Protein chains: 2
Amino acid sequence: MSERTGLAGEAEELDAADPLAAVRGEFVLDDVTYLDGNSLGALPAHVPGRVEDVVRRQWGELRIRSWDESGWWTAPERIGDRIAPLVGAAAGQVVVGDSTSVNVFKALVAAVRMAQEDGAAGADGRGSGGGGSGSGAGAVRDEILVDATTFPTDGYIADSAARLTGCTLRPVLPAEVPSALADRGERTAAVLLNHVDYRTGRLHDLPALTAAVHAAGAYAVWDLCHSAGALPVGLDEHGVDLAVGCTYKYLNGGPGSPAYLYVRRDLQHRFDSPLPGWNSHAEPFGMRPDYAPAAGAVRGRVGTPDILSLLALEAALDVWDGAGVSVAAVRAKSLALTDFFLRCVGAYVPGGRAESLTPAAHAERGSQVALRCDGAGDVMKRLIERGVVGDYRPPDVLRFGFTPLYVGFADVERAARVLAETLTG
Amino acid sequence: MSERTGLAGEAEELDAADPLAAVRGEFVLDDVTYLDGNSLGALPAHVPGRVEDVVRRQWGELRIRSWDESGWWTAPERIGDRIAPLVGAAAGQVVVGDSTSVNVFKALVAAVRMAQEDGAAGADGRGSGGGGSGSGAGAVRDEILVDATTFPTDGYIADSAARLTGCTLRPVLPAEVPSALADRGERTAAVLLNHVDYRTGRLHDLPALTAAVHAAGAYAVWDLCHSAGALPVGLDEHGVDLAVGCTYKYLNGGPGSPAYLYVRRDLQHRFDSPLPGWNSHAEPFGMRPDYAPAAGAVRGRVGTPDILSLLALEAALDVWDGAGVSVAAVRAKSLALTDFFLRCVGAYVPGGRAESLTPAAHAERGSQVALRCDGAGDVMKRLIERGVVGDYRPPDVLRFGFTPLYVGFADVERAARVLAETLTG
């Protein structure tokens with residue numbers, strides 16, 4: 001038996017033994033091997049019917065009554081509570097709405113304000129839930145640290161948040177955050193980090209980095225775009241202060257579905273939003289000229305939520321209610337898929353033609369594999385023509401995302417095989 | 001013939017002669033008299049099919065390819081160009097996305113920055129398209145004026161914009177804006193006004209107020225939520241600097257459909273967004289760590305657009321392509337509807353039971369009628385039970401919105417009749 005036949009056979013066995021294999025049937029998929037769910041998740045098969053009901057009945061027939069009767073008004077916090085368990089948060093701390101960029105802005109400005117308020121109070125005002133020892137009590141906190149390898153929008157928005165709050169932005173590699181904080185952490189107000197690097201798929205150490213931020217008396221803001229729905233996050237367990245994430249990747253919410261914001265419960269009364277729209281008012285229909293913020297996660301809302309996109313997302317989240325579907329099960333399969341892909345690539349692709357940028361250690365790996373290769377943009381075009389859909393990130397990276405809910409081991413073997421044929425053909 | 005029979009008969013004649021009467025057939029309506037289109041527009045009948053195609057085919061089958069192949073990526077500016085003619089703007093100046101609140105924030109912060117830049121330049125830097133004479137050249141512009149009767153979110157967001165840019169917020173009645181500017185206009189950076197008052201339906205004098213703002217060397221930001229799609233706005237003609245508006249009222253885009261931002265062409269190169277997300281980058285897929293803003297209206301984009309809501313809006317705008325449908329025709333019918341409603345109320349409702357807050361003069365009237373009456377909240381509940389849907393705004397206002405595309409004169413007569421019966425029953 002050749003190596004090729006061996007891996008194909010092994011894929012068959014792995015698929016047969018996969019406890020999540022049946023979930024694939026809940027998605028609309030064809031004969032394409034879809035490894036771009038880390039950019040846009042596939043369509044859950046029951047979503048079109050739900051969207052049709054929202055449009056035809058809720059909007060078309062009930063019209064304005066649906067704000068109450070169809071639960072439109074409370075959708076941002078209700079759907080937030082559906083996402084909460086997927087990121088390790090108790091209910092009441094996640095609200096859905098706006099884009100990831102807008103939520104990064106809310107979170108960072110609010111974090112800086114809390115840090116500066118702590119300083120003005122001359123004491124560790126972070127509250128009992130904070131992990132920091134308040135080493136910098138009384139200092140002027142006027143620096144924001146941002147992951148130097150971040151998805152660009154986080155950096156652009158962090159720069160704007162810094163400019164508007166009188167802070168300096170300091171890009172730092174995630175691994176160097178502890179030493180940067182040791183250097184002048186008493187000046188640090190907030191640190192914005194990515195849980196998983198969008199380009200390399202590297203998983204950063206959220207518990208340790210959050211602890212380091214807290215030890216410096218600063219606030220940790222995590223971007224979960226490339227981790228939520230693919231691996232355990234543990235926001236509550238690790239004492240994360242604020243977090244944001246998108247819902248159209250591993251949560252399959254649909255193109256441009258709204259993002260979410262997590263504000264840890266004991267910080268919510270101090271969450272001072274730079275976007276205090278009427279939806280976050282304590283009494284939104286009081287139409288009062290003065291702003292009074294609502295209690296709880298609702299304080300993170302801004303304007304009227306985009307109901308069609310929101311309710312498509314709500315429907316998509318039903319997939320997580322299925323028997324045996326859990327973040328733990330997804331993570332186990334994700335690691336098995338990426339392990340198997342790395343093995344298949346190693347076996348099929350001639351040495352030196354594609355180098356993995358994704359860490360071999362499980363503790364450092366998200367749910368994607370990034371391969372550096374010459375002419376990556378052109379290679380990806382040819383892969384897509386042959387039915388293997390990943391994506392390309394400049395200058396030389398092929399990205400393959402593995403959504404365990406619908407990607408199987410045969411997909412993995414096929415992708416590696418077609419890649420090898422493309423590179424050697 | 002009784003007065004009642006007379007008005008009902010007149011309604012029938014008016015409907016028979018209405019050039020827009022046939023457009024009603026393009027909407028999903030039942031036997032309810034729907035006078036709440038100024039809160040949520042009715043569903044255009046062709047929208048569900050279009051949304052289904054977006055979900056099933058574009059998302060479900062093409063998946064990630066739709067960003068290019070289905071035109072998702074360019075939707076914000078493409079749909080902006082569909083809205084532009086409805087607000088009197090040439091193409092390339094309107095972009096769709098985010099909520100009205102978020103767009104108010106972008107516009108106001110950008111306006112303050114331009115005003116302060118003008119001051120720093122020590123000359124009238126507003127450019128040839130600006131209406132202002134630059135009387136305050138070199139002065140510190142650190143005040144934002146806001147309509148004191150504004151829909152609350154604009155005031156909350158203006159307060160946040162003022163706080164983040166080191167300005168003071170000064171609430172002023174629209175009628176008093178000219179005298180406020182005469183008082184200390186050299187300090188004014190930006191003025192945020194509503195074209196139509198959400199509560200009373202009063203139409204403000206956009207040309208004269210914009211000219212007054214320009215004469216003071218400040219920037220005019222207009223909120224068009226209650227005027228766009230109901231009456232002519234004339235953004236280009238009147239030299240408005242920046243404008244925002246929602247799309248779910250008279251534009252029938254659906255619940256929470258995204259808002260839009262207008263930036264006058266000659267100001268676009270100076271538009272310095274406080275929310276510089278990756279979608280507004282000159283080269284968004286370059287994934288560069290440094291921000292470089294795109295040219296044109298695209299500079300107003302932020303994060304990934306919510307495609308489902310956006311494309312439902314795009315479909316809804318097709319109604320405006322119909323034969324005979326124009327802003328001028330809509331405005332003519334709107335005034336005829338509100339005139340007729342005021343006449344019917346005058347004829348049916350006993351004197352003193354409901355007082356109109358909406359100006360009698362056409363030049364001062366939007367497309368709604370607001371009636372002040374005792375127990376308005378309870379009265380509206382009873383109207384809705386009887387199939388006449390308007391809404392209630394505290395403390396004592398009944399609002400009736402007239403969307404000329406689907407409201408007829410028989411609806412108007414019925415609403416006034418049921419109101420009279422409710423008030424006297």
Side-chain angles (χ1 to χ4, degrees), chain A residues 28 30 34 36 39-40 42-43 47-48 51-52 55-56 59-61 63-64 66 72 98-102 105 148 152-153 155-157 159-160 164-165 171 246 248 254-258 274-278 281 285-289 291 302-309 312 389 391 393-394, chain B residues 28 30 34 36 39-40 42-43 47-48 51-52 55-56 59-61 63-64 66 72 98-102 105 148 152-153 155-157 159-160 164 171 246 248 254-258 274-278 281 285-289 291 302-310 312 389 391 393-394:
Chain A
V28 175
D30 46 26
Y34 191 65
D36 211 6
S39 185
L40 175 65
L43 172 67
V47 166
V51 172
E52 184 172 10
V55 175
R56 288 192 192 273
W59 173 14
E61 295 175 20
R63 289 181 289 265
I64 197 73
S66 275
W72 289 355
D98 307 305
S99 65
T100 305
S101 300
V102 169
F105 184 74
T153 210
Y156 308 155
I157 293 288
D159 194 42
S160 175
L164 285 164
T165 56
C246 77
Y248 45 75
S257 56
L275 294 169
W278 73 295
H281 196 282
F285 291 95
M287 305 280 159
R288 305 191 186 285
Y291 182 70
V302 185
T304 303
D306 50 335
I307 294 300
L308 269 49
S309 295
V389 178
D391 60 24
R393 286 293 174 261
Chain B
V28 175
D30 47 25
Y34 191 64
D36 212 5
S39 185
L40 176 65
L43 172 67
V47 166
V51 172
E52 185 173 8
V55 175
R56 287 191 192 273
W59 173 14
E61 295 175 21
R63 292 182 287 267
I64 197 73
S66 274
W72 288 355
D98 306 305
S99 65
T100 305
S101 299
V102 169
F105 184 75
T153 210
Y156 308 155
I157 294 288
D159 195 40
S160 175
L164 285 164
C246 76
Y248 46 75
S257 56
L275 294 169
W278 72 294
H281 197 283
F285 290 94
M287 305 281 160
R288 304 190 186 287
Y291 182 70
V302 185
T304 304
D306 51 334
I307 294 300
L308 269 51
S309 295
L310 255 177
V389 178
D391 62 23
R393 286 293 174 261

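These figures come from a predicted structure and were not determined experimentally. Residue numbering restarts at 1 for every chain, and letters A, B, ... go by the order of the sequence lines.
- Proximity to chain A (any heavy atom under 4.5 Å) is shown, for B:Thr100, by neither the backbone nor the side chain.
- Of the listed residues (A:Trp278, A:Tyr156, A:Tyr34), the one with the most heavy-atom contacts under 4.5 Å to chain B is A:Tyr156.
- When the candidates B:Cys246, B:Ala148, B:Gly254 are compared by the number of heavy-atom contacts under 4.5 Å with chain A, B:Gly254 comes out ahead.
- Chain B forms more heavy-atom pairs under 4.5 Å with one residue of A:Ser66, A:Pro171, A:Gly286, A:Ser101 than with any other, namely A:Ser101.
- In this structure, chain B has no heavy atom under 4.5 Å from any part of A:Pro258.
- For A:Pro289, the part sitting under 4.5 Å from any heavy atom of chain B is the backbone (N, CA, C, O) and nothing else.
- When A:Ser160, A:Gly303, A:Pro255 are compared by the number of non-hydrogen pairs under 4.5 Å with chain B, A:Pro255 comes out ahead.
- With chain B as partner, the option from A:Ser39, A:Gly256, A:Pro394, A:Gly155 having the largest number of non-hydrogen pairs under 4.5 angstrom is A:Gly256.
- In this structure the side chain of A:Leu40 reaches within 4.5 angstrom of the side chain of B:Trp72, judged on heavy atoms.
- Of the listed residues (A:Thr165, A:Leu164, A:Val389), the one with the most heavy-atom contacts under 4.5 Å to chain B is A:Leu164.
- For chain B, the nearby parts of A:Thr153 are the backbone and the side chain; heavy atoms of each come within less than 4.5 Å.
- Here the CD1-CG distance, from B:Ile307 to A:Leu308, works out to 12.5 Å after rounding to the nearest 0.5 Å.
- A heavy-atom distance below 4.5 Å is not found between the side chains of A:Val28 and B:Trp59.
- The candidate with the highest count of non-hydrogen atom pairs below 4.5 Å against chain A, out of B:Ser309, B:Ala312, B:Gly277, is B:Ser309.
- The shortest side-chain heavy-atom distance between A:Ile64 and B:Asp391 does not fall under the 4.5 Å cut-off.
- A pairwise comparison of heavy atoms in B:Leu43 and A:Val55 identifies CD2-O, 3.5 Å as the closest pair.
- Side-chain atoms of B:Ser99 do not come within 3.5 Å of backbone N or O of A:Thr304 as any donor-acceptor pair.
- Atom CZ of A:Arg288 has 12 or fewer neighbouring heavy atoms from other residues, nucleotides or ligands inside a 6.0 Å radius.
- At a threshold of 4.5 Å between non-hydrogen side-chain atoms, the residues A:Ile157 and B:Pro276 count as touching.
- B:Phe105 places a side-chain heavy atom less than 4.5 Å from the side chain of A:Leu275.
- In this structure, the side chains of B:Arg63 and A:Asp30 come closer than 4.5 Å at one or more pairs of heavy atoms.
- Among the candidates B:Glu52, B:Arg393, B:Glu61, the residue making the largest number of heavy-atom pairs closer than 4.5 Å to chain A is B:Arg393.
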